Protein chains: 2
Amino acid sequence: MLYDLLRPVRPLALNSARVVETSLRSDDLTVGMRAVLEVLAEQGPLTVPVIGDRLDLARQGIQRHVNDLIDRGLAEQRPNPAHRRSVLIATTPAGAALFERIRAGELARLGTMAAECGSAEIATALRVLAALHRDIRAEAGRS
Amino acid sequence: MLYDLLRPVRPLALNSARVVETSLRSDDLTVGMRAVLEVLAEQGPLTVPVIGDRLDLARQGIQRHVNDLIDRGLAEQRPNPAHRRSVLIATTPAGAALFERIRAGELARLGTMAAECGSAEIATALRVLAALHRDIRAEAGRS
DNA sequence: TCAATATGACATCATTGTTGTCATGTCTGA
DNA sequence: TCAGACATGACAACAATGATGTCATATTGA
């Protein structure tokens, strides 16, 4: 039942954010900034609107996070060969290193969780979640 | 990989909220009020702190939603046999009927989604998500 | 009984998602 | 080529909501 699958999604998102946020406190980062950093670390330099697409958020909110990251020296603007006005945003070496450290900590924590679930089950869960997300995302797009 | 399973959770929560919120507009409800209504509809009259436990939220925030529901005639206070001060919150007939209508619409929408996933896969996804939520929730509790 | 805790009520704040505007750069089709 | 449509950065304002603190009162357990 998809309804029952959807029910724990928001509490899970909340508690995940709480755990992540606790670790981020000492680095003076917010979960929003961390999310942008993650996209940049994994997908390379992107424009602000593209980051918004990746995270399903409006470009205006992303711009705030990007500005905050630049203020902290964790991200920087780069000229965009394909567009004079829309610059590319990239992680600085400090930003990339910081995110690597953050992710390592998160992976360590996750390593002990859901121990009774095999990798096949987790893979199945991932596929189901992706399918549901795809269709809900499409539904949300009809606005 | 649990990390990859966790990644789409927040976008999914966001897009779900967007879809639900759109339907709630016409009823002058917020997703927070809907969440409280859902708990009351499924679990019967509860006190405000208990609703907070169910939703992993602080009682103060729940109190706001409950007050909003009472203002709209969708919930009401009932005397609590076990506690003179801490009253029970229950749906009114109007609140129960409204939530039933809301849920029917949501189920209808969900009916067409993730069509390629069988019920066994969805059940597996639910188990994995529940296990992950259990452990992340415990981790979040250590604060 | 008395100290610790729980609860309602109220207040404040920070984060963040949403929306709107404007000037300017870019692109597409006539 | 050019004009209109669209994209983008910058800036602003707002709403929902999660987090936190306080205080008076009720409850509970030692």
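Note on naming: letters A, B, ... go to the chains in the order of the sequence lines (proteins, then strands), and numbering restarts at 1 for each one. Worth saying up front: this structure is predicted, and the values here are computed from it rather than measured.
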Seminar exercise, completed: B:Asn15 CG to C:dG17 P, in whole Å, measures 12 Å
Exercise. Is A:Ser86 near enough to D:dG9 that one of its side-chain N or O atoms lies under 4.0 angstrom from OP1 or OP2?
Worked result: yes
For this session: Whole angstrom is fine here: how far is it from CD in B:Gln63 over to P in C:dC10?
Result: 9 Å
Exercise. Are any side-chain N or O atoms of A:Asp56 and backbone N or O atoms of B:Pro11, one a donor and one an acceptor, separated by less than 3.5 Å?
Worked result: no
For this session: Provide, to the nearest angstrom, the distance between the CD1 atom belonging to A:Ile51 and the P atom belonging to C:dG17.
Result: 14 Å
For this session: Please state how far atom CG in A:Asp68 lies from atom C1' in D:dA10, giving the value in whole angstrom units.
Result: 14 Å
Problem set entry | Presence of salt bridge, A:Arg7 and B:Glu42, under 4.0 angstrom | yes
Problem set entry | Electrostatic pair A:Arg134-A:Glu139, nearest N-O below 4.0 angstrom | no
Exercise. Any donor and acceptor pair, going by atom type alone, linking the side chain of B:Arg10 with main-chain N or O of A:Ala17 inside 3.5 Å?
Worked result: no
Seminar exercise, completed: Between CG of B:Leu46 and P of C:dA6 the distance, given in whole Å, is 18 Å
For this session: Can you tell me the distance, in whole Å, between the CD atom of B:Gln77 and the P atom of C:dG8?
Result: 9 Å
Seminar exercise, completed: B:Ile62 CD1 to C:dA9 C1', in whole Å, measures 16 Å
Problem set entry | Interatomic distance, A:Leu29 CG vs C:dT15 P [rounded to whole Å] | 12 Å
Problem set entry | Sidechain-backbone polar pair: A:Thr47 side chain, A:Val87 backbone, donor-acceptor under 3.5 Å | no
Exercise. Toward the 5' end of DNA chain D, which comes first, B:His83 or A:Pro49, by nearest nucleotide?
Worked result: A:Pro49
Exercise. What one-letter contact string describes nucleotides 14-24 of chain D from 5' to 3', where B marks a base within less than 4.0 Å of any protein heavy atom, S marks contact via sugar-phosphate atoms alone, and - marks no contact?
Worked result: ---BBBBB--B
Exercise. Between A:Met33 and A:Leu88, is there a shared hydrophobic cluster once you connect ILVMFWY residues whose side-chain heavy atoms come closer than 4.5 Å?
Worked result: no
